[in-house]
Amino acid sequence: QVQLVESGGGLVQAGGSLRLSCAGSGRTFSSYPMGWFRQAPGKERAFVAAISRSGARTYYTDSVKDRFTISRDNAKNTMYLQMNSLKPEDTAVYYCAATQTWKSYSIDKTEYTYWGQGTQVTVSS
């Protein structure tokens, strides 16, 4: 089991940057593929990015490619989401999550077992 806590959200102007962190508890952090999801008001929670156990493989939804970078430091039990060139449509609550899938990573939120509490990201125009 792993507990996840996000941090790093806030208010930023369009074109700005933020880095989200997701701190995990437990000695098995590196055994979980992980991902970032976001939920805007009135919308379903949506996939943003995923990363394999070692961090060697990553995957992004099209709308954030070339702007966001997912990474992890297993020695620190922490995953990151570097967000550059932010747009108002990136405004949402961002969640980190861990999955027990056998695959390298997953973009399906139903395959994720452990979730953080979320951190708000607001991008003003």
Side-chain angles (χ1 to χ4, degrees):
Q1 188 171 357
V2 62
Q3 294 181 327
L4 304 172
V5 178
E6 303 97 335
S7 62
L11 173 64
V12 64
Q13 289 188 332
S17 298
L18 281 174
R19 187 175 83 154
L20 305 183
S21 297
C22 173
S25 65
R27 293 175 290 179
T28 59
F29 182 85
S30 62
S31 68
Y32 297 98
M34 298 189 69
W36 287 97
F37 293 78
R38 65 187 179 185
Q39 188 165 17
K43 295 188 176 181
E44 292 190 358
R45 194 169 299 187
F47 170 76
V48 176
I51 191 165
S52 62
R53 294 169 183 82
S54 67
R57 298 188 68 185
T58 58
Y59 190 83
Y60 301 89
T61 192
D62 285 346
S63 63
V64 308
K65 282 180 182 177
D66 300 323
R67 298 190 299 123
F68 291 10
T69 302
I70 188 172
S71 62
R72 67 191 295 168
D73 185 341
N74 287 334
K76 296 182 178 179
N77 281 8
T78 303
M79 177 178 66
Y80 305 96
L81 186 68
Q82 177 66 45
M83 305 186 295
N84 299 328
S85 303
L86 282 161
K87 304 176 181 179
E89 52 263 44
D90 294 318
T91 295
V93 177
Y94 283 70
Y95 298 89
C96 68
T99 173
Q100 295 175 297
T101 182
W102 57 270
K103 297 179 288 187
S104 294
Y105 57 78
S106 174
I107 66 172
D108 183 353
K109 62 179 179 284
T110 66
E111 293 186 350
Y112 283 79
T113 305
Y114 306 108
W115 293 85
Q117 83 288 352
T119 186
Q120 176 71 48
V121 171
T122 303
V123 185
S124 63
S125 57

Original post:
Are Ile70 and Val64 linked, directly or through other ILVMFWY residues, by side chains that come within less than 4.5 angstrom of each other?
Top reply: yes

**OP:** Please name all residues satisfying salt bridge (charged side-chain N to carboxylate O under 4.0 Å, His left out) with Asp62, sequence neighbours left out, ordered by chain then number.
**Re:** Lys65

**OP:** Taking all non-hydrogen atoms of both residues into account, name the closest pair between Thr28 and Ser31 and its distance.
**Re:** O-OG, 2.6 Å

**OP:** Look at the side-chain heavy atoms of Ile, Leu, Val, Met, Phe, Trp and Tyr, link any pair under 4.5 Å apart, and say whether Tyr105 and Tyr95 land in one connected group.
**Re:** yes

**OP:** Treating Ile, Leu, Val, Met, Phe, Trp and Tyr as nodes and any side-chain heavy-atom pair under 4.5 angstrom as an edge, say whether Val12 and Leu81 lie in one connected cluster.
**Re:** yes

Original post:
Is Thr78 reaching over with its side chain to a backbone N or O of Lys76, donor-acceptor style, under 3.5 angstrom?
Top reply: yes

Scan the side chains in residues 118-125 for donor-acceptor partners under 3.5 Å anywhere in the protein, sequence neighbours excluded, and list what turns up.
residue: Thr119; atom: OG1; partner: Gly9; partner atom: N; Å: 3.2
residue: Gln120; atom: NE2; partner: Ala92; partner atom: O; Å: 3.4
residue: Gln120; atom: NE2; partner: Thr122; partner atom: OG1; Å: 3.3

Original post:
Which residues pass the side-chain hydrogen bond (donor to acceptor under 3.5 Å, both in side chains) test with Arg53, sequence neighbours left out?
Top reply: none

Original post:
Among all residues two or more places apart in sequence or in another chain, which pass the ring pair (Phe, Tyr, Trp, His ring centres under 6.0 Å) test with Phe68?
Top reply: none

Original post:
According to the disulfide bond (SG atoms under 2.5 Å apart) rule, which pairs have a member within residues 26-92, sequence neighbours left out?
Top reply: none

Sequence neighbours excluded and cut-off under 3.5 Å, please list the side-chain donor-acceptor pairs for residues 15-24, or say none.
residue: Ser17; atom: OG; partner: Asn84; partner atom: OD1; Å: 2.9

**OP:** Please list all pairs passing the salt bridge (charged side-chain N to carboxylate O under 4.0 Å, His left out) test where one or both residues lie in residues 6-17, with sequence neighbours left out.
**Re:** none

Subject >> Spacing of CG belonging to Asn74 relative to CE belonging to Met34, to within rounding of 0.5 Å >> reply: 9.0 Å

**OP:** For Thr69, check side chain to side chain contact (heavy atoms under 4.5 Å, CB included) against everything at least two apart and list the hits.
**Re:** Tyr60, Gln82

Subject >> Backbone N/O of Ser52 and side chain of Ser104: donor-acceptor pair under 3.5 Å >> reply: no

Subject >> Pairs satisfying salt bridge (charged side-chain N to carboxylate O under 4.0 Å, His left out), at least one member in residues 110-125, at least two apart >> reply: Lys103-Glu111

**OP:** Run through the side-chain heavy atoms of Ile, Leu, Val, Met, Phe, Trp and Tyr, join any pair under 4.5 Å, and report what else lands in Tyr80's cluster.
**Re:** none

Original post:
Does anything in residues 4-50 pair up under ring-ring contact (aromatic ring centres under 6.0 Å, His included), and if so which pairs, sequence neighbours excluded?
Top reply: Tyr32-Tyr114, Phe37-Phe47, Phe37-Tyr112, Phe37-Trp115

Subject >> Pairs involving residues 88-97, ordered by first then second residue, that meet salt bridge (charged side-chain N to carboxylate O under 4.0 Å, His left out) (sequence neighbours left out) >> reply: Arg38-Asp90, Arg67-Asp90

**OP:** Over all heavy atoms of both residues, which pair between Ile51 and Met79 is shortest? Give the atoms and the distance, please.
**Re:** CG2-SD, 3.9 Å

Original post:
Could you state the interatomic distance from OG (Ser30) to CG (Asn77), rounded to the nearest 0.5 Å?
Top reply: 7.5 Å

Original post:
Judged by modelled atom types alone, do Ser106 and Asp108 share a side-chain donor-acceptor pair under 3.5 Å?
Top reply: no

